[in-house]
4 protein chains.
Amino acid sequence: MKPLQTFHNLSPGKQERITRVAVEEFSEKGYAGASINAMVRRLGIAKGSIFQYFGDKKGLFLFAFNTAMERVKDYLRTVRDQTASEDLFTALEATLTAGVIFMEKHPVIYRLYIKAMFEDDIPFRSEILRSLREYSFKYFRSLLERARARGELRRDIDLDKAAFVLDALMDRFLISRTVPHLDAGLGIHGCSPEDARQWIAQITDIVRLGIGSR
Amino acid sequence: MKPLQTFHNLSPGKQERITRVAVEEFSEKGYAGASINAMVRRLGIAKGSIFQYFGDKKGLFLFAFNTAMERVKDYLRTVRDQTASEDLFTALEATLTAGVIFMEKHPVIYRLYIKAMFEDDIPFRSEILRSLREYSFKYFRSLLERARARGELRRDIDLDKAAFVLDALMDRFLISRTVPHLDAGLGIHGCSPEDARQWIAQITDIVRLGIGSR
Amino acid sequence: MKPLQTFHNLSPGKQERITRVAVEEFSEKGYAGASINAMVRRLGIAKGSIFQYFGDKKGLFLFAFNTAMERVKDYLRTVRDQTASEDLFTALEATLTAGVIFMEKHPVIYRLYIKAMFEDDIPFRSEILRSLREYSFKYFRSLLERARARGELRRDIDLDKAAFVLDALMDRFLISRTVPHLDAGLGIHGCSPEDARQWIAQITDIVRLGIGSR
Amino acid sequence: MKPLQTFHNLSPGKQERITRVAVEEFSEKGYAGASINAMVRRLGIAKGSIFQYFGDKKGLFLFAFNTAMERVKDYLRTVRDQTASEDLFTALEATLTAGVIFMEKHPVIYRLYIKAMFEDDIPFRSEILRSLREYSFKYFRSLLERARARGELRRDIDLDKAAFVLDALMDRFLISRTVPHLDAGLGIHGCSPEDARQWIAQITDIVRLGIGSR
DNA sequence: TATGAATGAGAGTTCATTCAT
DNA sequence: GATGAATGAACTCTCATTCAT
């Protein structure tokens, strides 16, 4: 019997409940800190069941993490599609804003991503991070390539470097909204969506002057 | 008897050895993951002694962390003093370069900082991070204020936002050199100091156009 | 519904497969160590089925063990029949040689026998072992009685004691070929069939002088 | 801190109690079957203590086993010394008798030996068995060499083969007294010491004729 | 008849913390 | 002041067995 086979035979409602609790637990306590005991206590099921479904803690984490990341990718895909006709900097603003909204609705997922990023001994850490970063860079690269084709960029700008800057700024901005006290009192953490838009506008402005065509 | 009282009565060599081992352990395994068992094994001292010196695990961590961060601050102070007469962007390049050099020499300290940043259940996490970030922002703010006084900045730029951008880019760049696979194959992780300088130059260049006076 | 009833309604092929896997598992890991989980995994059938067929783990073991021992007895019977006209010591040599050959072809069965012999908590351990030993002794006793009738034995030898010696030597010799390092470097374990015959000849020789008629 | 260091700092009485309980548990249930939970329950100490003393289950077993075997070797040494002036077959009888007496007083140790012999997954099984068997063979070889020097043996007898026979018979005889129902009703198991001497005498008699000088 | 999801006791192991010496 | 033995809760993981479908 393959792992996950058993799990996928459960009712969708139960699958969803288990996944949600697992994501929350890993999100709150990281991989090593997460307790399967705590999960089954919250779920009201037997400890053995988790191991029947996922084989071991590693398998559970991988499943929870991948499930969560799929939702991020889905979301990002729709953003890109909706900004296809906009210029680069409008698209960037939209992306950041979308990121803020997503995090507002799914803070748990963002924290899980953070944990995977900076905790050691995450199962398949390298593969996971490499694949995520690749996805993110490809996203910004594709925005930049579209912009270059339209003549929106400085001629001499290196697309890799530019993508790095975009990724760094967006990532840090979003992290600041999640991780308390990372913004040194600037007020990013927990600020209103309107204030967030102000921040986004000004950051984008700096970037436009840095890499834009004029 | 105050905690740390007994610790400071030890010979400087012993104090230094204990501090070093504690910093290494927390740096490698994070707060929750660190094992006092492991530390005393490496140190060859009794487990009870640690509790006598520092009260509990929390006290040990706080001491180790603060000690490590003092070294960072000392280092940063000398960088600022040495670049007092340079223009903003030269000073920024120097700062990033200095950061690369520091990390090269003290990777353990940088990892400890990362762990403190992204792990929950760090004792006094809020206070620690707030104080660190404050220090970092003040550093960049002071550079920017110096630059504004000299007319090196766009008139309309908001210094807080600019400091945010500088801090974000510098931080992400340095993290990329430490955490594997965070750079999506761009080659920042583990690149040679010369390649790092190239990266720094180009990032600074983007920033100059974004916030510089012309 | 009697247990085993449902099992015997299965296709002979399936019965045989289940028996074989069970014997292998018990042979490798002993009774307590054997895992029904592992068996059904290898068989690709439902765990519940095993309990339907055999009631519980005990029933499964008993069936597997008895099935395996039947094969040993069948084999031993043919050996005795084929040596009916030989003198005692030729028959003994033939028996030992046959034992070696059987083990060579059915190591799994021999290991199962060993496990049953020396593990506690074997279900019905006493009955099982008593019956096996009885069978073995009867075998040697019948050889000895035949020999006595032909005047091949010392007058004053006690047949029980002699049977004990024969059984002990044969058993130990065969075990030495299976269990590594039981022969203290004498080279019995894993030796070639030819070398085994040399050993057999010399052991038989000692026995002949010990109990033979002259 | 080395494993066993801590343990040896305990009071001799406590060390002895722990060792005794461990030997009993392994002796009754084998390695895999033994439960550290059960041991600490019987001892009335905390589970963690066992791991502090011995590191892990493997370490505990190794210690318990070696301690038990030392007692066997000590005993055997005194037997050999006391029979130095006897002829081979008298010495053999004394050895077997001594074995019977030892087992009568220490059945737990003998069962532990049996378990180590026939259970798989014993830690360092190969090394343990090789060393034990070597010790046993050397013992019989030394008796045989002494006998050959005195002209008590058949000229053409191979000492290795003879030692094998002695070891096999002695071992099986002693096992028969411990493991129930291994004697097929011959009455070795649990027989009185006097009956045991009778058996010993007759077995020795067979061996004498098989390998003796006349 | 066959299935396989559910169970929960029990396994070995690690750990921060306490306290008598 | 330094020690290190003692603790017990919490951890991940395995297993035979049950029973509704």
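To find a chain, count down the sequence lines: A is the first, B the second, and so on, and within it residues start at 1.
Applying the salt bridge (charged side-chain N to carboxylate O under 4.0 Å, His left out) criterion to E16(B), with sequence neighbours excluded, gives R20(B). N66(C) pairs by the side-chain contact (heavy atoms from CB on, under 4.5 Å) definition with nothing, not counting sequence neighbours. Shown here are the side-chain contact (heavy atoms from CB on, under 4.5 Å) partners of A116(C), two or more places apart in sequence or in another chain: F65(C). Remark: Y31(B) engages no residue in a side chain to side chain donor-acceptor pair (under 3.5 Å) (not counting sequence neighbours). Applying the side-chain contact (heavy atoms from CB on, under 4.5 Å) test to T19(B) and every residue at least two apart in sequence or in another chain returns F7(B), V23(B), F63(B), T67(B). Considering only residues two or more places apart in sequence or on other chains, Y110(C) meets the ring-ring contact (aromatic ring centres under 6.0 Å, His included) condition with Y113(C). When the salt bridge (charged side-chain N to carboxylate O under 4.0 Å, His left out) test is applied to D121(C), no partner is found at least two apart in sequence or on another chain. With sequence neighbours excluded, the residues that form a side-chain contact (heavy atoms from CB on, under 4.5 Å) with L62(C) are P123(C), F124(C), I128(C).
Rounded to an integer number of Å, the gap from I50(B) CD1 to dG4(F) C1' is 13 Å. Rounding to whole angstrom units, CZ of residue R17(D) and P of dA5(F) are separated by 18 Å. Across the protein-nucleic acid pair, F54(B) atom CZ and dT17(E) atom C1' stand 16 Å apart, rounded to whole Å. We find that CD1 of I18(A) is positioned 12 Å from P of dA5(E), with the value rounded to whole Å. Atom CD in Q15(D) sits roughly 11 Å away from atom P in dA5(F) (whole-Å rounding). The distance from atom CG of D56(C) to atom P of dT18(F) is 8 Å, rounded to the nearest whole Å. Atom CD of Q52(D) is separated from atom C1' of dT14(E) by 11 Å (rounded to the nearest Å).
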- [ ] Quick one: the dot-bracket string of DNA chain F, using Watson-Crick and G-U wobble pairs with both distances under 3.5 Å, [ ] for crossing pairs and | for bases paired to another strand.
- [x] .||||||||||||||||||||

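For the OP1/OP2 pair of dA2(F) and a distance below 4.0 Å, the side-chain nitrogens and oxygens of Y53(B) include at least one atom meeting the criterion. At dG4(F), none of the side-chain N or O atoms of N9(D) fall inside 4.0 Å of OP1 or OP2 (strictly under the cut-off). Within the 4.0 Å cut-off from OP1 or OP2 of dA5(E), at least one side-chain nitrogen or oxygen of T6(A) is found. Close to dT3(F), at under 4.0 Å from its OP1 or OP2, lies a side-chain N or O of S49(B).
Residue contacts shown for A34(D) are limited to sugar-phosphate atoms, with no base heavy atom under 4.0 Å away.
At a cut-off of 3.5 angstrom, the base of dT3(F) holds no donor-acceptor pair with the side chain of K47(B). In terms of polar N and O atoms assigned as donor or acceptor, the side chain of K57(D) never comes within less than 3.5 Å of the base of dT13(E) in a complementary pairing.
Of all heavy-atom pairs spanning T6(B) and Q52(B), the tightest one is OG1-O, 3.5 Å. E28(B) and D120(A) get closest at one heavy-atom pair: O-OD2, 3.4 Å.
Positionally, the nearest nucleotide of DNA chain E for Y31(D) lies more toward the 5' end than for the other of Y31(B) and Y31(D). Remark on DNA chain F: of its neighbouring residues G33(C) and K14(D), the 5'-side contact belongs to K14(D), judged by nearest-heavy-atom nucleotide. Taking the nucleotide of DNA chain F with the nearest heavy atom to each of L10(B) and A46(D), the more 5' of the two is matched to L10(B).
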Using the 3.5 Å cut-off, write out each protein N or O paired with an N or O of nucleotides 19-21 of chain F and the distance between them.
none

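Sorted by first and then second residue, the salt bridge (Lys or Arg N to Asp or Glu O under 4.0 Å) pairs with a member in residues 40-57 of chain D read E24(D)-R42(D), E25(D)-R42(D); sequence neighbours excluded.
For the segment residues 35-45 of chain D, residues with any heavy atom less than 4.0 angstrom from an atom of DNA chain E are, sorted by number, S35(D), I36(D), N37(D).
Of the possible polar contacts, none joining the E119(A) side chain to the E119(B) backbone as a donor-acceptor pair under 3.5 Å is found.
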